[in-house]
Protein chains: 2
Amino acid sequence: MTEQITDHKKEQIIATALKRFAHFGIAKTTMNEIADDLSLSKASLYYYFPDKTSLILAVGHHILFDFVKQQEATLNKALNFKAGMQNLIDIRIEFGKKYFMMHIGDGQGDSYFHDQQLHHLMEDVRQQEQLLLMAFMKKMQQQGELKALDIVATSQIFTDVLTGIWVFEIHVLHKTLIPSDDQFNNIRTKCLNMLNIFYDGIKRV
Amino acid sequence: MTEQITDHKKEQIIATALKRFAHFGIAKTTMNEIADDLSLSKASLYYYFPDKTSLILAVGHHILFDFVKQQEATLNKALNFKAGMQNLIDIRIEFGKKYFMMHIGDGQGDSYFHDQQLHHLMEDVRQQEQLLLMAFMKKMQQQGELKALDIVATSQIFTDVLTGIWVFEIHVLHKTLIPSDDQFNNIRTKCLNMLNIFYDGIKRV
DNA sequence: TTTTGACTAATTAATTTAAAAAGTCAATAA
DNA sequence: TTATTGACTTTTTAAATTAATTAGTCAAAA
């Protein structure tokens with residue numbers, strides 16, 4: 001009973017923290033600000049989360065869990081490989097647009113994100129993503145759309161390349177505090193172009 | 001006459017500066033050190049190069065010109081697309097191994113590399129690389145190895161993806177001061193895997 | 001069990017100071 | 001005239017100090 005109330009409160013805190021993290025970034029958000037947003041004292045905030053890192057971790061977990069869920073849902077309802085992958089790319093772009101200020105797993109984050117636990121969280125997510133992709137490829141292969149190939153290696157390359165295109169555009173080509181819409185569009189286009197070639201390389205002939 | 005002597009001296013300076021830049025990085029190399037290495041006074045060094053930026057630029061130009069030349073030579077003597085691209089990948093890896101400390105065009109460089117001119121130089125090089133790749137693809141297409149495709153877009157994606165794999169491994173996955181041999185091997189393997197799929201997608205069937 | 005004000009400890013930001021490096025120039029030698 | 005240099009100034013960076021902010025604690029109370 002009371003445990004559920006506590007959980008509910010925790011979720012409220014996570015939601016509030018997320019708003020500030022996503023807009024101002026993690027370093028530029030203080031525990032006091034989050035507490036104030038909730039009309040709570042900082043001490044109370046610390047009653048629910050023992051330290052800032054654990055709150056960041058909870059927020060990260062929240063959005064990444066949702067991120068993976070979205071991908072799963074999309075791939076499950078996809079009628080063919082290409083359509084599924086296109087949707088996957090769009091989900092990634094949307095996620096990036098929403099949360100780039102948090103610098104999750106882009107190697108650019110502030111000190112907090114150098115934390116070991118957060119690194120592990122990202123590794124987990126990347127692995128989950130790959131498992132989803134592998135399952136999807138296997139399914140499409142069984143449906144006869146894809147040719148016989150090394151699914152582990154191929155899905156790995158696919159995710160590497162998608163992330164690589166992202167990082168290259170945002171952190172190498174046009175490094176800015178806040179990426180422009182053009183940059184996101186560029187990434188999307190590049191990913192889709194890549195998908196086209198990739199698809200021709202793995203489809204059944 | 002004397003102009004050639006001056007040019008020769010400039011080349012000596014470039015070669016000496018390069019050694020330090022490649023080993024210690026640009027920021028950790030002083031003009032005095034370079035002058036001392038050449039048994040020259042700093043004032044003399046400034047006689048040949050008006051400022052540090054111009055020397056960095058000359059060094060950058062030197063190694064990048066050579067880099068592009070190597071790529072050109074390899075592609076010219078390549079018997080087929082895949083072999084040519086494999087060599088290209090190896091050239092890129094070797095270049096990266098040699099000069100990662102200079103952080104050329106990886107978005108990680110010290111203040112000097114935020115210079116506008118150096119940015120332009122990198123853009124130039126990227127464009128030259130793409131022109132080479134385009135010419136190569138066109139040739140292989142005419143030889144009947146590749147199917148009809150948008151060469152501009154395809155070559156663009158290829159270079160983007162190669163660079164993306166690099167940046168992802170070095171700056172996101174395992175960010176360290178000095179990348180390990182394993183990391184370079186990972187990059188090479190990923191690039192080659194990518195090439196295999198890519199190739200299947202663009203070869204003539 | 002949850003909340004809080006009033007606290008301390010740890011980080012970060014701002015300021016100052018010292019050191020190092022970039023860059024200049026008149027004098028000098030080839 | 002071209003190249004070189006020592007002695008210089010200016011600019012940047014690094015180190016040290018201080019001030020301010022923020023993270024985190026805890027006894028008391030609702």
Side-chain angles (χ1 to χ4, degrees), chain A residues 1-14 16-17 20-21 23-60 102-103 108-118 177, chain B residues 1-14 16-17 20-21 23-60 102-103 108-118 177:
Chain A
M1 289 107 259
T2 46
E3 206 175 286
Q4 285 190 347
I5 293 169
T6 296
D7 282 356
H8 180 247
K9 196 93 185 203
K10 277 190 179 180
E11 278 162 31
Q12 281 186 313
I13 294 169
I14 288 169
T16 303
R20 281 196 179 266
F21 286 168
H23 194 97
F24 301 106
I26 292 169
K28 287 238 173 287
T29 298
T30 71
M31 294 298 266
N32 253 316
E33 286 167 343
I34 296 166
D36 287 350
D37 286 348
L38 290 153
S39 304
L40 217 67
S41 71
K42 187 172 61 166
S44 293
L45 193 54
Y46 275 90
Y47 175 75
Y48 292 99
F49 293 94
D51 50 34
K52 193 177 179 182
T53 302
S54 71
L55 176 55
I56 297 167
L57 208 61
V59 170
M102 290 181 67
H103 296 290
Q108 298 287 123
D110 6 288
S111 49
Y112 281 109
F113 259 94
H114 296 327
D115 186 285
Q116 211 53 15
Q117 296 173 84
L118 293 160
L177 178 61
Chain B
M1 290 97 263
T2 48
E3 206 174 286
Q4 285 191 346
I5 294 168
T6 297
D7 282 356
H8 179 247
K9 196 92 185 202
K10 277 190 179 181
E11 277 163 31
Q12 281 187 313
I13 294 169
I14 288 169
T16 304
R20 282 197 179 265
F21 287 167
H23 193 97
F24 300 106
I26 292 169
K28 287 238 174 289
T29 299
T30 71
M31 294 297 267
N32 253 315
E33 287 167 344
I34 296 167
D36 287 350
D37 286 349
L38 291 153
S39 305
L40 217 66
S41 71
K42 186 172 60 166
S44 293
L45 193 53
Y46 275 90
Y47 176 75
Y48 293 98
F49 293 95
D51 51 33
K52 193 177 179 182
T53 301
S54 71
L55 176 54
I56 297 166
L57 208 61
V59 170
M102 290 181 67
H103 295 291
Q108 297 287 122
D110 5 291
S111 49
Y112 282 110
F113 259 96
H114 296 327
D115 186 286
Q116 210 52 16
Q117 296 173 82
L118 293 160
L177 178 61

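Keep in mind that what you see is a predicted model, and the values were worked out from it rather than measured. By convention in this document, chain letters (A, B, ...) are assigned in the order of the sequence lines, proteins followed by strands, and residues within each chain are numbered from 1.
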Given atom [atom1] of [X] and atom [atom2] of [N], what is their separation to the nearest angstrom?
X	N	atom1	atom2	value
B:Asn32	D:dG6	CG	C1'	12 Å
A:Met31	C:dA10	CE	P	17 Å
A:Lys42	D:dA23	NZ	C1'	6 Å

Check if the side chain of B:Lys52 and the base of C:dG23 share a donor-acceptor pair of N or O atoms closer than 3.5 Å.
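No, no donor-acceptor pair under 3.5 Å.
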Pairwise distance [atom1]([X]) to [atom2]([Y]) - rounded to 0.5 angstrom:
X	Y	atom1	atom2	answer
B:Thr16	B:Leu55	OG1	CG	9.5 Å
B:Lys9	B:Leu40	NZ	CG	5.0 Å
A:Lys52	A:Thr29	NZ	OG1	6.5 Å
B:Ser54	B:Tyr48	OG	OH	14.0 Å

Where the side chain of A:Ser41 is concerned, which of C:dT4, D:dT5, D:dA23 is the nearest nucleotide?
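Selected nucleotide (nearest to the side chain): C:dT4.
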Do A:Ile26 and A:Val59 have side chains that approach each other closer than 4.5 Å (heavy atoms only, starting at C-beta)?
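The answer is no; the side chains never approach within 4.5 Å.
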Do A:Leu57 and A:Phe49 have side-chain heavy atoms sitting under 4.5 Å apart?
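Not touching, per the 4.5 Å side-chain cut-off.
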Is the phosphate of C:dT3, meaning OP1 or OP2, less than 4.0 Å from a side-chain N or O of A:Lys9?
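Result: yes.
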With respect to the phosphate group of C:dT2, does any side-chain polar atom (N or O) of A:Thr6 fall under 4.0 Å of OP1 or OP2?
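For C:dT2, OP1 or OP2 has a side-chain N or O of A:Thr6 closer than 4.0 Å.
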Indicate, with a heavy-atom threshold strictly under 4.0 Å, whether A:Thr30 touches base, sugar-phosphate, or nothing.
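Sugar-phosphate, backbone atoms only, no base.
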Tell me what A:Thr29 touches on the nucleic acid: a base, only sugar-phosphate, or nothing, going by heavy atoms under 4.0 Å.
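Sugar-phosphate contact only - A:Thr29 comes under 4.0 Å of backbone atoms but never of a base.
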Starting from the 5' end of DNA chain C, give me the residue, A:Leu40 or B:Glu33, whose nearest nucleotide shows up first.
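Nearer the 5' end of the strand: A:Leu40.
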Return the set of residues passing salt bridge (charged side-chain N to carboxylate O under 4.0 Å, His left out) with A:Asp37 (not counting sequence neighbours), or none when no residue passes.
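Salt bridge (charged side-chain N to carboxylate O under 4.0 Å, His left out) list for A:Asp37, sorted by chain: A:Arg20.
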Can you see which heavy atom on B:Lys28 is nearest to which on B:Glu33, and at what distance?
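Looks like O-OE1, 3.7 Å.
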Please find the pair of heavy atoms, one from A:Met31 and one from A:Leu45, that lie closest to each other, and give the distance.
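Smallest interatomic distance, heavy atoms only, reads O-CD2, 3.2 Å.
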Would you jot down, in residue-number order, the residues of residues 43-50 of chain B having a non-hydrogen atom under 4.0 Å from DNA chain D?
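Output list: B:Ala43, B:Ser44, B:Tyr47, B:Tyr48.
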For the helix from C:dT1-D:dA30 to C:dA30-D:dT1, how many degrees between its two end axes (five pairs per end), to the nearest 10°?
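One end's axis against the other's: 40°.
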